Amino acid sequence: MDYDTLKRDVIIIGGGPSGLSTALHLQWIAPHLASRVLILEKAHYPRLKLCAGGLVLDAEIILQRLGLDVSEVPHVDVDNIHFDFEAKGLNIRIPKRHALRIIRRDEFDNWLAQKARSRGIEIKEGISVNNIISDKDGITVETDNGTYHAQIVVGADGSNGITRRCIFPNTPVYTARVLEVITPPYPHRPAGTSSKFGEFGGGREGAFFDFFPVPDNIAGYVWDFPTQVKGEPMRCWGIYDTNLLSNEKRPQLRELLAQEMARLGFNLDDYEIKGHPIRWFSPENPMSVPRILLVGDAVGADPIFGEGISIALGYGNLAAHNIRDAFQRNDFSFHNYKSRVLLSPLGQTLLTRWFITNVIYPLKWKWFQILLWRILKPIVVAFAWIFVLNWGRRMAQE
Ligand SMILES: Cc1cc2nc3c(=O)[nH]c(=O)nc-3n(C[C@H](O)[C@H](O)[C@H](O)COP(=O)(O)OP(=O)(O)OC[C@H]3O[C@@H](n4cnc5c(N)ncnc54)[C@H](O)[C@@H]3O)c2cc1C
């Protein structure tokens, strides 16, 4: 292979939302750089990615500002989001629009990759990066199909990515455990008939987060979302545990998910259960070394919920601005990348969420969870609206 064909100014490792967002933002703010960017993705689109696919408003705003309309992707819109403790709590609706949009990640990531390609970004699929080596002229990226050379490398390779493991081999990692199951939807129950599904026969509307596992030292929640798979209505269930209470005695995650599904008339044993870790944000997490930036789960997702799609899209915006500035100043140290992330609207929401995580999960008593989700409702909603959500529209854009 000709060495020159393997040289690029920017190599992005990983073609998930963070890598594709970095490339799309670079093309948007510095179009002359687009032809000098290469994304290396180990899988082939449409590739499977374990994820419930809940897109919050901030994700849609970031995409809209890139001129992208996510309603082109098959989706289910949810009008009500319930944050419950033992099936009772607060209900969020957003006037005149959906509260959450649910996509499937194979379809969403494939769509985003097509958009990037249509804007001149080169993506090589089926190439797995094995090693990353810095030298004085740039970065060498070794793959299972040749060796590449770049001025700048972006590690967008997810929670277990090789980039972070190469540049920060010994740093502590905060990782959540997550299990997910897809089932058919709640069965339709004709009015007046009895149902084996008890009180929920006929189903329930909306997306549900229930924090009932917290007093059992599971620092997280069980979710139940509507979704679709190849156009067929389905339900996506799962359990999320930040692992913050891992020093305490805990039941098996699977047991608690099975308990909640059984309450709603589903037998977990009838379905395939899958698990994947999520690396979550902490202000301690390192983010860059000279010539190498991390984005998305490689830096850290939202610790409260493990919400990471909007966050990954936001990191892409910040990385693109830092890369454009690096070329303009011919300074590839990225010494202030972390402070630029932390001071940005994305950094502010991540810091707030990290703080909340460290308060609400260790205060695991039942009475506190009831107070939080059932009694302090207006305060919780106002705080979330002001300090946690609505950061997407405040991100820099030119
Ligand atoms: C069970 C579960 C449910 C979730 N539900 C939600 C949700 O409802 N809403 C939400 O917002 N977030 C959710 N998340 C989190 C969300 O999936 C992630 O935060 C998001 O995918 C992060 O995007 P990313 O681009 O950083 O990483 P990823 O999406 O993981 O993309 C990384 C990419 O890098 C590629 N790659 C990895 N290693 C290499 C390599 N060596 N060489 C080349 N390519 C490589 C991978 O193939 C992949 O395409 C969930 C996560 C899990 C596990």
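A quick note: this is a predicted structure, and the numbers were derived from the prediction, not measured. Read the numbers this way: they start at 1 and go in the same order the structure lists the ligands and their atoms.
If you check which protein heavy atom lies closest to atom 7 (C) of ligand 1, you get G54 N, 3.5 Å. Nearest to atom 4 (C) of ligand 1 among the protein's heavy atoms is A52 N, 3.4 Å. The shortest contact between atom 15 (C) of ligand 1 and any protein heavy atom is with G306 O, 3.3 Å. From the protein, the heavy atom lying nearest to atom 37 (C) of ligand 1 is D157 O, 3.4 Å. The nearest protein atom to atom 19 (O) of ligand 1, hydrogens excluded, is given as D297 OD1, 2.7 Å; this is a heavy-atom distance. Scanning all protein heavy atoms for the shortest distance to atom 24 (P) of ligand 1 gives S18 OG, 3.4 Å. What sits closest to atom 12 (N) of ligand 1 on the protein, heavy atoms only, is G308 N, 3.0 Å. Summary of contacts: the protein heavy atom closest to atom 28 (P) of ligand 1 is K49 CE, 4.0 Å.
Close approach of ligand 1 to G53 is summarised as follows: ligand atoms under 4.0 Å from at least one heavy atom of the residue are 7 (C), 8 (O). Less than 4.0 angstrom separates some heavy atom of G296 from each of these atoms of ligand 1: 26 (O). Those atoms of ligand 1 that come under 4.0 Å of a heavy atom in L40, given as number and element, are 43 (C), 44 (N). Shown in contact with E180 at under 4.0 Å from a heavy atom are these atoms of ligand 1, numbered in order with element: 1 (C), 2 (C), 3 (C). Atoms of ligand 1 lying under 4.0 Å from at least one heavy atom of R105, given by number and element, are 16 (C), 17 (O), 20 (C), 21 (O), 29 (O).
Considering backbone and side-chain N/O of A312, none are found under 3.5 Å from N/O of ligand 1. Inclusion of P17 in the set of residues having an N or O under 3.5 Å from an N or O of ligand 1 is warranted. Note: no N/O pair closer than 3.5 Å links L50 and ligand 1 by distance alone. Residue-to-ligand polar distances keep S159 apart from ligand 1: every N/O pair is separated by 3.5 Å or more. Checked against a 3.5 angstrom limit, the closest N/O atoms of H276 and ligand 1 fall outside it. Any N or O atom pair closer than 3.5 Å counts here, and F225 shares no such pair with ligand 1. The shortest N or O to N or O distance between K42 and ligand 1 is below 3.5 Å. Residue V129 places at least one N or O, backbone or side chain, under 3.5 Å from an N or O of ligand 1. For a threshold of 3.5 Å applied to N or O pairs, the pair formed by E41 and ligand 1 contains at least one separation below that value. At least one N or O atom of R47, backbone or side chain, sits closer than 3.5 Å to an N or O atom of ligand 1.
In this structure, G161 does not count as a contact residue of ligand 1, since none of its heavy atoms falls inside 4.0 Å of the ligand. Judged by the shortest distance from any of its heavy atoms, G238 lies outside the 4.0 Å radius around the atoms of ligand 1. Using a 4.0 Å cutoff on heavy atoms, I127 counts as a contact of ligand 1.
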Between R235 and E205, is a salt bridge (charged side-chain N to carboxylate O under 4.0 Å, His left out) present by the stated rule, with each step listed? CA-CA 11 Å; R235 251 7 247 186; E205 293 288 323; over 6 Å; no

Test D325 against H321 for side-chain hydrogen bond (donor to acceptor under 3.5 Å, both in side chains), laying out the working first. CA-CA 6 Å; D325 296 352; H321 283 86; over 6 Å; no

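The aromatic rings of F305 and F211 sit perpendicular, their planes meeting at an angle over 60°, well past the 30° parallel limit.
A cation-pi geometry, defined here as NZ or CZ lying under 6.0 Å from the six-membered ring centre and within 45° of its normal, does not hold between R104 and F108. Cation-pi geometry between R36 and F327 is satisfied (NZ or CZ under 6.0 Å from the ring centre, within 45° of the ring normal).
In this structure, of A156, G14, G155, G300, the residue bringing a heavy atom nearest to atom 32 (C) of ligand 1 is A156. Ranked by closest heavy atom to atom 2 (C) of ligand 1, the top entry among A298, C51, G16, G158 is C51.
With salt bridges taken as basic N to acidic carboxylate O contacts below 4.0 Å, one links R353 and E307. Ion pairing between a basic and an acidic side chain is recognised when a charged N comes within 4.0 Å of a carboxylate O; R204 and D224 show such pairing. Look at R250 and D241 and you find a salt bridge, because one of the NZ, NE, NH1 or NH2 atoms lies within 4.0 Å of a carboxylate O, short of that distance. Using a 4.0 Å cut-off between charged side-chain N and carboxylate O, E180 and K49 make no salt bridge. Salt bridge present: K115 and E72 bring a charged side-chain N and a carboxylate O closer than 4.0 Å. Using a 4.0 Å cut-off between charged nitrogen and carboxylate oxygen, D109 and R47 count as a salt-bridge pair.
Of the residues F209, F225, F208, W223, the one that meets the ring pair (Phe, Tyr, Trp, His ring centres under 6.0 Å) test with H82 is F208.
Defined by atom type and a distance below 3.5 Å, a donor-acceptor pair is present between the side-chain atoms of S21 and H25. Of the N and O atoms on the side chains of N217 and K249, not one donor lies less than 3.5 Å from an acceptor on the other residue.
Counting non-hydrogen atoms of other residues, nucleotides and ligands closer than 6.0 Å to CD of Q252 gives a total of 12 or fewer. Within 6.0 Å of CZ in R394 there are more than 12 heavy atoms belonging to other residues, nucleotides or ligands.
Taking the six-membered ring for Trp, F266 and W237 have ring centres closer than 6.0 Å.
Heavy atoms of I278 found under 4.0 angstrom from ligand 1 belong exclusively to the side chain. Residue-level proximity to ligand 1 for I162 is carried by the side chain, the only part with a heavy atom below 4.0 angstrom.
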